[in-house]
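Structure first, then comments.
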Amino acid sequence: MKWFISQETIRSPFKRILERDCGEKVSLCYQCGKCSAGCPIAFQMDYLPNQVMRMIQLGMEEHVLSSRTIWLCASCLTCSARCPREIDVAEIMDYLRRRAYRKGIIPLEETEIPLFNKIFLRNIELFGRLYEMGLIGMFNLLSGEFFKDISLAPKMFLKGKIGIFPKRPKHMKELRKIFKNSEKLGRVKRSRLLQPRLIFLNVFRKFIGKVERLK
Amino acid sequence: MNKSQIPDHSPQKNSGDRNLKAPIKDFEPKIVGFLCNWCSYAGADLAGTSRIKYPPNIRVIRVPCSGRVNPLFVLNCLMNGVDGVLVSGCHIGDCHYSEGNFYARRRFAILKRLLEYIGIDPRRFQMAWVSAAEGERWAKLVGELVEEIKEAGPNEHFGGNR
Amino acid sequence: MKIGVFTCHCGTNIAATVDVEKVAQAAAEFPGVTFSTAYNYMCSDPGQNIVKKAIKEHALDRVVIASCSPSLHEKTFRKCVEDAGINPYLVEMANIREHCSWVHPEGEQTTAKAIELVRIAVAKVSRDRPLEMTYTPIEKKVLIIGGGIAGIQSAIDIAFANYPAVIVEREPSIGGRMASFDKTFPTLDCAACILTPKMVTVSQSEHVTIHTYSEIEEVTGYVGNFTVKIRKKPRSVDINKCTGCGVCYGKCPVRVPSEFDQGLGKRPAIYIPFPQAVPNVPVIDRESCLWFTEQKCGICQKVCPFGAIDYDMEDEIIEEKFGAIIVATGFQQFDYSVYGEYGYGKFKNVITGLHFERMVNSSGPTGGKIIKPSDGKEAREVVFIQCIGSRDEQKGVPYCSRLCCMYTAKHALLLREHNPDAQAYVFYIDIRAAGKNYEEFVKKVQDEYGAIYLRGRVSRIFEKGDKLIVRGADTLSGAQIEIEADLVVMATGLVAMPDAVSLAQMLHIPYDQNNLFTEAHPKLAPVETITSGIFLTGACQAPKDIPDAVATASAASVKALGLMVQDKLAREPLIARVIPELCSGCRACIEACPFSAIETEEIEDLRLRRKRTVVKVIEGVCTGCGICTTACRMSAIDLEGFSNRQIMEELAVL
Amino acid sequence: MKYAYYPGCSLHSTAKEYDLSTREVANALGIELIEIPDWVCCGATPAHISMHLLSLALPVKNLLLARRIGSYDIATCCAACFSRLKIANKFMRDNPRHRAKVNKILGEEYQGEIKVRHFIDILINDFGMKNLAPRITKPLEGLKVACYYGCLLTRPSDITCLDDLEEPHLMDDLMRVIGAQPVNWPYKVECCGASFSLTKTEIVLKLSNDILQMACDQGAEAIVVACPLCQSNLDLRQPKINKKFKANFKIPIFYFTQLIGLSLGIEPKKLGLKKHIVNPLPLLKEKGLLG
Ligand SMILES: Cc1cc2nc3c(=O)[nH]c(=O)nc-3n(C[C@H](O)[C@H](O)[C@H](O)COP(=O)(O)OP(=O)(O)OC[C@H]3O[C@@H](n4cnc5c(N)ncnc54)[C@H](O)[C@@H]3O)c2cc1C
Ligand SMILES: Cc1cc2nc3c(=O)[nH]c(=O)nc-3n(C[C@H](O)[C@H](O)[C@H](O)COP(=O)(O)OP(=O)(O)OC[C@H]3O[C@@H](n4cnc5c(N)ncnc54)[C@H](O)[C@@H]3O)c2cc1C
Ligand code: SF4
Ligand code: SF4
Ligand code: SF4
Ligand code: SF4
Ligand code: SF4
Ligand code: SF4
Ligand code: SF4
Ligand code: SF4
C-alpha cells in the first residue's frame with residue numbers, strides 16, 4: 001500500500017496528545033526495529049510495531065487507529081523490555097486501542113478482540129468474577145462462531161474446570177459503582193455491549209467466509 | 001551587627017534607589033549565586049550556549065573556587081535583604097583545585113545550621129554542585145531555587161533594607 | 001576614577017532580548033562612570049578600536065565590557081586595554097550574553113538584569129588593583145600517559161623537536177589496541193606493518209624514556225612544574241640484563257588464557273604479550289606463576305642464560321618533574337554481558353570485534369581461520385550486530401561509538417577474504433561512514449564482498465544445537481528475520497577506561513557523564529583541558545579511529561611543545577597576597593592550601609621592635625584558588641582579582 | 001507464615017488444579033493462606049486495554065478487601081493477576097493523579113502499601129529452599145522439565161521485581177530442589193498468545209506450537225508453568241495444535257505447585273493431576289514417580 005503524507009498530517013496534534021496522555025516519548029524512537037524483531041505476533045500484523053511508532057511520529061492517526069496491529073498486540077511487553085530508547089511500546093499500543101475504542105474505529109478484520117473485551121468486562125460487571133460458560137457462550141453467539149470450541153466444553157465440564165452457574169461475590173452493588181465511577185472519571189463512554197454494528201459486522205464476515213469456503 | 005562592623009570591606013555608599021519592595025503577590029526574589037569559575041560558572045555558560053531558559057532572578061558572582069566564598073559574603077547578602085543565596089562548585093572530587101569544594105561543603109554545612117538557628121528559612125541558603133557539562137542542570141536548579149524562594153517569601157529578617 | 005562602559009550587541013545575540021542602548025544609558029549614570037557606549041561587535045577590531053579611542057579621548061582608567069562570558073574574551077580585552085596604556089587587570093566583564101540574553105526571554109526583566117550585571121561589574125572594577133604578570137621556569141620534559149598509537153605518535157613528535165618525553169604504559173608493552181589488529185580500515189594496511197616501525201622509532205629515540213608495566217601514582221604541581229610519582233610494577237625480569245632470547249617462556253610449564261588474544265589462545269606465566277612487543281622483555285604474571293603461588297618451579301630462573309630473572313623485584317616509585325602532560329589512555333570495549341537477550345555474554349560463539357581481530361590475524365591464535373570457539377570448526381554464517389552498547393540509553397551509552405560501523409565493514413570484508421564460502425549478515429541501524437574513503441569502503445564491502453546489510457536491531461539470540469538463532473528485523477522491508485548463525489560478532493562500542501575517573505581526579509581534569517575526558521572547548525580547543533599544561537589525545541577523550549588518534553596526538557604534542565619552547569611561563573598575577581602587618585602567624589592558611597603554596601618567614605616587626613613569624617605566598621606555586629583567604633581569621637591573606645573588597649563591593653550594589 | 005490469598009478467576013475455573021495444588025503445598029509446608037473474602041476479578045487484559053482506570057480500580061478493590069482481614073502480604077499464583085495487582089499498586093504509590101482518582105472511585109484511601117507476592121517468591125524467599133529440601137520425600141528424579149515463565153511473571157521487570165528479565169531461574173531452582181532436572185532452553189519468556197485463546201486462536205496455536213516444539217527439541221518431557229493462561233494455551237490447545245501442525249505432542253503441562261506437591265508426597269488426585277487435558281499420569285508412571 002502506498003500513502004501520501006501531507007503536511008497537515010505531520011503537523012496534526014496526534015503525537016503531542018499521545019505523548020501527553022500516555023507519557024511515552026515516541027519522538028525518541030529512532031526506528032531501530034528491535035521491538036519488531038522480537039514481537040511474537042508480528043507475523044500476523046499489518047504493520048510492524050516500529051512502523052506504528054513511525055506513523056505516530058508522522059501524525060498518521062487514522063492509519064494507526066485503523067491498523068490491525070494495535071488489536072493483535074498481545075501485551076507481552078517483549079518490545080518494552082528491550083527498547084533501547086526505553087519507550088514502552090506496549091503501553092502505547094494500549095493507548096491506541098483505547099483511543100480507537102473511543103473513536104469507534106475498529107478494523108473489519110479485527111472485531112473479535114474488542115468484542116471479547118466488551119463481553120469480558122460485562123461479564124465481570126454482572127457476576128463479579130469471570131463466568132466462563134457465559135463468556136464463551138456469549139462470545140460465540142455474538143462473534144458468529146457458534147460452535148467454536150464446543151467440543152471442548154463437555155471435557156472441561158467433566159474435569160470440573162468450568163461451572164454451569166456463576167458464583168457471585170456478595171457486594172455486587174459496590175462493584176457496579178466501581179464500573180460507573182471509572183467510566184465517569186476516566187471520561188470513557190462505554191457504548192452499549194450489544195453494539196449492533198460490531199455484531200453485524202462480525203456475523204456478516206463469518207457468514208461471507210463460510211460461503212466463500214463452500215464455493 | 002550592622003554593616004560597618006564588618007572589618008575592612010565596607011562598601012561604597014549604596015548607589016541605587018531600590019528601597020521600594022515589590023508586593024508579595026508578584027514577588028520576584030533577588031538571588032545571588034557564588035559560582036566557581038571552572039565548573040559551575042562554565043555550566044551556567046553552557047546553559048547559555050545551549051539556550052536553555054531559566055528565570056532571570058539570579059545574579060552571578062564569579063569566584064575562582066567555591067572554597068573562596070567567605071561565609072561573611074553570604075551573611076552580608078542576607079543582611080542586605082537578598083532573598084536567597086546559592087554557592088555552587090564542582091562536584092565533590094572534581095574540584096579544579098582538588099579540595100576547595102570539600103572546604104566549602106564543610107564550612108557551609110555549619111553556616112547553614114547557624115542560619116537556621118538564628119531563624120533564617122533554610123531555603124534561603126543553598127549549596128549545589130554543577131559541572132561544566134551540566135548546563136541543563138544549572139537551568140533546572142535556578143528554576144527550582146526561584147520557586148522555593150518565592151515560597152519562602154521576601155527576606156525581611158534584617159528589616160529588609162534593600 | 002574614570003570608568004568606561006562598553007556594551008555589546010553581539011549582532012542579535014544580545015540585542016534580540018536585551019535593550020542594549022538602554023543598558024548603555026543606565027551605565028552612564030553609575031558612580032565613577034564617565035563614558036558609556038554600545039557597539040555591534042565589541043570583540044571585533046573596530047569594536048576594540050572604539051575602546052582604545054575612548055580610553056585616549058576620555059582619559060579612562062578602568063574599563064567594563066558588557067558582552068559575553070569572560071571565559072571567552074577576558075584575555076582579548078585585557079590585551080586591548082593594555083595596548084591603550086591601561087593595566088590589563090583594570091578591566092572587568094559583565095556577562096550579559098550567556099547569563100542573560102541567551103537564557104531569558106525578551107523583555108524588561110532581562111534588560112533590567114543586564115543593567116544590574118553591569119552595575120556589579122562597575123562596582124568590582126572600581127576596586128580593581130593594577131597587577132603585573134609573574135614568570136615561572138618550565139621543566140622541559142613531557143609526560144605521556146598511555147602508550148597506544150596516540151601516545152606513541154605524541155612521543156615521536158616531541159622527540160623530533162629534540163625535547164625529552166616519557167611514556168608511562170600500564171601493560172608490559174606499548175602498542176595499545178592497534179597492536180592486536182590484523183588490517184586497518186579503510187586502506188587495509190596491515191596493522192603491524194604500520195605500527196611496528198613507530199614502536200621501534202620511540203624505543204630507539206634518545207629523547208624517549210618508556211616505563212612499561214607502570215602507573216601514575218600521584219600528580220602535583222601546575223603547568224610547567226608538575227611533579228609526578230610513577231609506580232613501576234615488579235616485572236620480575238631485569239630489563240637491562242634480558243636480551244629477549246625467549247628461552248624462559250619456551251620452558252615455562254604454565255598455560256593461562258592470553259589477554260592479548262582475548263582468551264582465544266594461551267600464554268605462559270612468563271611471557272611477552274605479542275612478538276613485536278616493545279620492550280621485547282618478558283614479564284612474570286605473579287598470579288599464575290608457580291613460584292609465586294606455590295613456591296615451586298623456578299625453571300625460568302634456571303634456564304635464563306643472562307640471569308635476568310629476579311623474583312624479589314619490588315614496586316619501585318620514581319619521582320620526576322614535567323612541564324606538560326599528555327593523556328593518551330585510550331578506551332575499553334563495552335561489556336555486552338549486560339544484554340540478557342543476547343545471552344548475558346555466556347554463549348561461546350558470540351564474540352566481540354577484538355576477538356574477531358585476533359581470529360582473523362594470520363599470526364593469531366587460530367592462524368587466521370575464522371572459527372566457532374565452541375568446537376573449532378570454521379564459521380560460515382556470520383552475523384555482525386552493530387551499535388552494541390552504543391546509542392542505547394537503556395543498557396549502554398547514549399553516544400555513537402563512531403568507528404564500529406567501519407570496523408564491522410572491515411570484518412565483513414576480511415571474513416570473505418579468509419573464507420570465500422562464508423556469508424556476512426550485518427545488522428545496522430545507520431551506517432556512519434563519514435571519513436575519507438569510508439563510504440567507498442562500505443560500498444565495496446556490500447558490492448564486491450557480498451555482505452548482506454539488514455537494517456534493524458537484533459531482539460534476541462539463543463543457542464539451538466550448535467547454531468545460534470538470531471532474531472532480527474529488517475525495517476526497510478518491514479519483515480522479521482531469523483538467521484541460523486555459526487558465529488555472532490558484536491560491534492561493541494568504545495567506552496572509557498575503568499580507572500578514567502580516578503585518573504582524571506588525580507590530574508584535576510574534568511570528565512563527562514560517560515567518564516570520557518572533557519576537552520577545553522569542543523571546537524576551538526579539542527586537545528586541551530581546562531587545566532593548563534595537560535592535553536588529551538586519542539580515544540580517551542571520545543571514540544576515535546587511528547587517523548583521528550594520530551591527528552590529535554600531533555596536535556597535543558604541538559601544544560606541549562608550545563610550552564617547551566618558552567623560556568619561562570608567564571603566569572596570571574591572580575594569586576594570593578599576604579599583608580604581613582595583619583598576619584598573626586597562626587598558619588591556618590598553610591593548613592588550608594591544597595598546593596603547599598604558603599610558607600613562613602621571619603619579619604622584623606617595626607611596631608613590636610622584634611622578629612616575628614608571618615607567612616608568605618610562593619608565587620610560582622599558588623594557583624589562585626583563594627581557599628586560604630577563607631581560612632584566615634585576620635583577613636590578612638587576600639586574593640588578587642577576587643579580593644574581599646572587590647566582592648563586597650559587588651554585593652553592596654546588588 | 002500467613003498470607004491473604006487471591007486466587008483469581010482462572011484458579012476457580014479452568015485452573016482449578018493450580019488452586020488445589022497451591023493450597024495443598026501451602027498446607028503441607030505450614031504456610032497459611034486466607035482467601036480474601038468476596039474477591040472480585042482483577043479485570044485482566046480486557047480492562048486495561050479498554051478502560052485504564054477500571055484496570056486500576058478492580059485490583060485495588062481486592063487489595064482493600066484484603067486489608068480488611070488484617071495486614072498480610074498478598075499471595076497470588078496467576079501471573080496475570082500478579083502483574084495487574086502489582087501495576088495497580090505501583091500507580092497507587094507513585095502516581096498521585098491516578099491515586100486520587102482511584103480512591104475517589106472506590107471511596108476509600110489507599111496508598112499502595114500492601115505487598116503483592118507471587119507464590120514462587122514466597123516459597124523461595126520466605127519459606128526458603130533450605131527448609132524445603134529436607135521435606136522432599138519423593139524427589140522427582142529423572143524428570144526432565146522445561147520451566148516456562150511466559151510474559152507476565154518477569155515483565156515489566158521494574159514492576160514485578162521477581163526474577164531475571166531475560167533468563168529467569170526461580171522455577172528452575174525450585175525444580176532442582178525437588179529433584180527434577182530443568183532443561184536449558186531458550187523459550188522461557190517467549191509469549192504463548194496469552195489472552196487470545198478465544199479470539200485469535202490461530203495465533204495461540206502457532207506460538208504454543210513453537211514453544212512445545214522447542215521444549216521437545218531440548219529434551220523436555222514436561223513443561224512447568226506458573227500461569228493459568230500459559231497452561232491452558234499449551235495443554236487445552238494441544239490436541240488442536242497436533243491437528244493443525246500435524247504434530248504429535250503429548251507433553252504434560254504442570255503447574256510448579258503440582259510437582260512440588262508430588263515431591264512432598266501428596267496424592268496425585270489432591271493435586272488435580274486428573275484435570276489435565278494431556279494426561280500426565282502415564283509419564284509419571286513411566287518415570288516411577290507415582291508409587
Ligand atoms: C575491534 C576494533 C577494530 C578497530 N579497527 C580499526 C581500524 O581498522 N582502523 C582504525 O583506524 N581504527 C580501528 N579501531 C580503532 C582503534 O583501536 C583506535 O583508534 C586506537 O586504538 C586508539 O588509540 P589510543 O592510543 O587512543 O588508545 P589505545 O590503543 O587504547 O591505547 C591506550 C594505551 O594506554 C594504556 N593505558 C590506559 N590507561 C592507562 C593508565 N591509567 N596508565 C598507563 N597506561 C594506560 C593502555 O594500556 C593502552 O596501551 C578499531 C577498534 C576496535 C575496537
Ligand atoms: C553549511 C555548512 C555548515 C557548517 N556548519 C558547521 C558547524 O555548525 N560546526 C562545525 O564544526 N562545522 C561546520 N561546518 C564545517 C566548517 O565549515 C569547516 O569545518 C571549516 O570551515 C573548515 O575550515 P578550513 O579552515 O579548513 O576551511 P575554510 O573555512 O574553507 O577556509 C579556507 C580558507 O582558505 C582560503 N583559500 C582557499 N584556497 C586558497 C588559495 N589557493 N590561496 C589562498 N587562500 C586560499 C579560502 O578563501 C578560505 O578563507 C559547516 C560547513 C558547511 C558547508
Ligand atoms: S525498539 Fe524502541 S527505538 Fe527501536 S524501533 Fe522500537 S520503539 Fe523505536
Ligand atoms: S507487546 Fe505487543 S507489540 Fe510488543 S512485542 Fe508484545 S505483541 Fe508485539
Ligand atoms: S631467558 Fe632471560 S634473557 Fe632470555 S628472554 Fe627470558 S629473561 Fe630475557
Ligand atoms: S617460575 Fe613461574 S614464570 Fe618461571 S617458569 Fe616457573 S611458572 Fe613459569
Ligand atoms: S559507529 Fe555505527 S555501529 Fe558504531 S555506534 Fe555509531 S552507528 Fe552504531
Ligand atoms: S554526506 Fe553529509 S549528509 Fe550525507 S551522510 Fe554524509 S555527512 Fe550526512
Ligand atoms: S590561593 Fe591560597 S590556597 Fe590557593 S594556592 Fe594560592 S596560596 Fe594556596
Ligand atoms: S591564616 Fe592569616 S594570620 Fe594565619 S598565618 Fe595565614 S595569613 Fe597569617
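Model, not experiment: these values are computed from the prediction. Naming convention: chains lettered A, B, ... in sequence-line order (proteins, then strands); numbering from 1 in each chain.
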### Query
Given a strict heavy-atom distance threshold of 4.5 Å, which part of B:A44 is in contact with chain C: side chain, backbone, both, or neither?
both
#### Entry: C:L574 CG to B:N37 CG distance, which is reported to the nearest 0.5 Å
10.0 Å
## Note on the structure
Greatest number of non-hydrogen atom pairs under 4.5 angstrom with chain B, of C:P70, C:A112, C:C68, falls to C:P70
#### Entry: Proximal component of B:T49, with respect to chain C [non-hydrogen, under 4.5 Å]
both
### Message
To check you understand the geometry: which heavy-atom pair defines the closest contact between C:I627 and B:G100, and what is its length?
### Response
CD1-CA, 3.2 Å
### Task
Name the member of C:V501, C:L639, C:I509 that forms the most heavy-atom pairs with chain B at distances under 4.5 Å.
C:L639
## Note on the structure
Of B:A47, B:S50, B:G135, B:P55, the largest count of non-hydrogen pairs under 4.5 angstrom with chain C goes to B:P55
### Query
To the nearest 0.5 Å, how far apart are CG in C:L651 and CE in B:M79?
12.0 Å
### Message
Please identify, among C:N95, C:L72, C:T518, the residue contributing the most non-hydrogen atom pairs under 4.5 Å to chain B.
### Response
C:N95
### Task
Would you mind checking which part of C:P594 comes under 4.5 Å of any heavy atom in chain B, side chain (CB onward), backbone (N, CA, C, O), both or neither?
both
### Query
Is any side-chain heavy atom of C:K124 less than 4.5 Å from a side-chain heavy atom of B:I61?
no
### Message
Counting only heavy atoms not in B:K140 (residues, nucleotides, ligands), do more than 12 fall under 6.0 Å from its NZ?
### Response
no
#### Entry: Check: C:H104 side chain, B:K53 main-chain N or O, donor-acceptor pair, under 3.5 Å
no
### Task
Identify which part of B:R107 has an atom lying under 4.5 Å from any heavy atom of chain C, answering side chain, backbone, both or neither.
side chain
### Task
Name the region of C:S101, side chain, backbone, both or neither, that has any atom closer than 4.5 Å to a heavy atom of chain B.
neither
### Query
Given the rule in the salt bridge (Lys or Arg N to Asp or Glu O under 4.0 Å) test, do B:K30 and C:E116 qualify, once you have shown the distances and angles that lead to the verdict?
CA-CA 11 Å; B:K30 177 158 284 184; C:E116 279 221 24; 2.7 Å; yes
### Task
Check the pair C:T629 / B:N70 against side chain to side chain donor-acceptor pair (under 3.5 Å), numbers first and verdict last.
CA-CA 8 Å; C:T629 60; B:N70 197 315; 5.9 Å; no
### Task
Give the minimum heavy-atom separation between B:P64 and C:C625, together with the two atoms involved.
CG-O, 3.6 Å
#### Entry: Residue B:V69 versus chain C: region with a heavy atom under 4.5 Å
backbone
### Query
Can we call the ring centroids of B:Y97 and C:H508 under 6.0 Å apart?
no
### Query
Does the side chain of B:W38 reach to within under 4.5 Å of the side chain of C:T531, using non-hydrogen atoms?
no
#### Entry: Part of C:F30 within contact of chain B (heavy atom distance under 4.5 Å)
neither
### Part of B:V32 within contact of chain C (heavy atom distance under 4.5 Å)
side chain
### Query
What part of C:T623 gets closer than 4.5 Å to chain B, counting heavy atoms only: side chain, backbone, both or neither?
both
#### Entry: Part of B:C95 lying under 4.5 Å from any heavy atom of chain C
backbone
### Task
Please state whether the side chain, the backbone, both or neither of B:Y103 comes within less than 4.5 Å of a heavy atom of chain C.
side chain
### Query
Given side chains that start at C-beta, do those of B:R59 and C:H99 come closer than 4.5 Å, heavy atoms only?
no
### Query
Taking side chain as C-beta onward, heavy atoms only, is C:V103 less than 4.5 Å from B:I52?
no
## Note on the structure
The interface call for B:I58 against chain C, heavy-atom contacts under 4.5 Å, is both
#### Entry: C:A592, part contacting chain B, at a heavy-atom distance under 4.5 Å
both
### For C:F642 against B:R68, the heavy-atom pair lying closest together
O-NH2, 2.7 Å
### Query
With a 4.5 Å limit on heavy-atom distance, are the side chains of B:N80 and C:L654 in contact?
no
### Summary
In this structure, CG of B:N57 is separated from NZ of C:K113 (nearest 0.5 Å) by 8.0 Å
### Query
Based on non-hydrogen pairs under 4.5 Å, which of B:G67, B:A133, B:P56, B:C65 is most in contact with chain C?
B:P56
## Note on the structure
Interatomic distance, CD@C:E650 vs CZ@B:R62, rounded to 0.5 Å, equals 9.5 Å
#### Entry: OG-CG distance between C:S69 and B:L46, expressed to the nearest 0.5 angstrom
11.0 Å
### Summary
Counting heavy-atom pairs under 4.5 angstrom with chain B, the leader among C:Q646, C:E74, C:Q513 is C:E74
### Task
Could you tell me which portion of B:F34 (side chain, backbone, both or neither) has an atom closer than 4.5 angstrom to a non-hydrogen atom of chain C?
side chain
### Nearest-0.5 Å distance, CG of residue B:N76 to CG of residue C:N644
11.0 Å
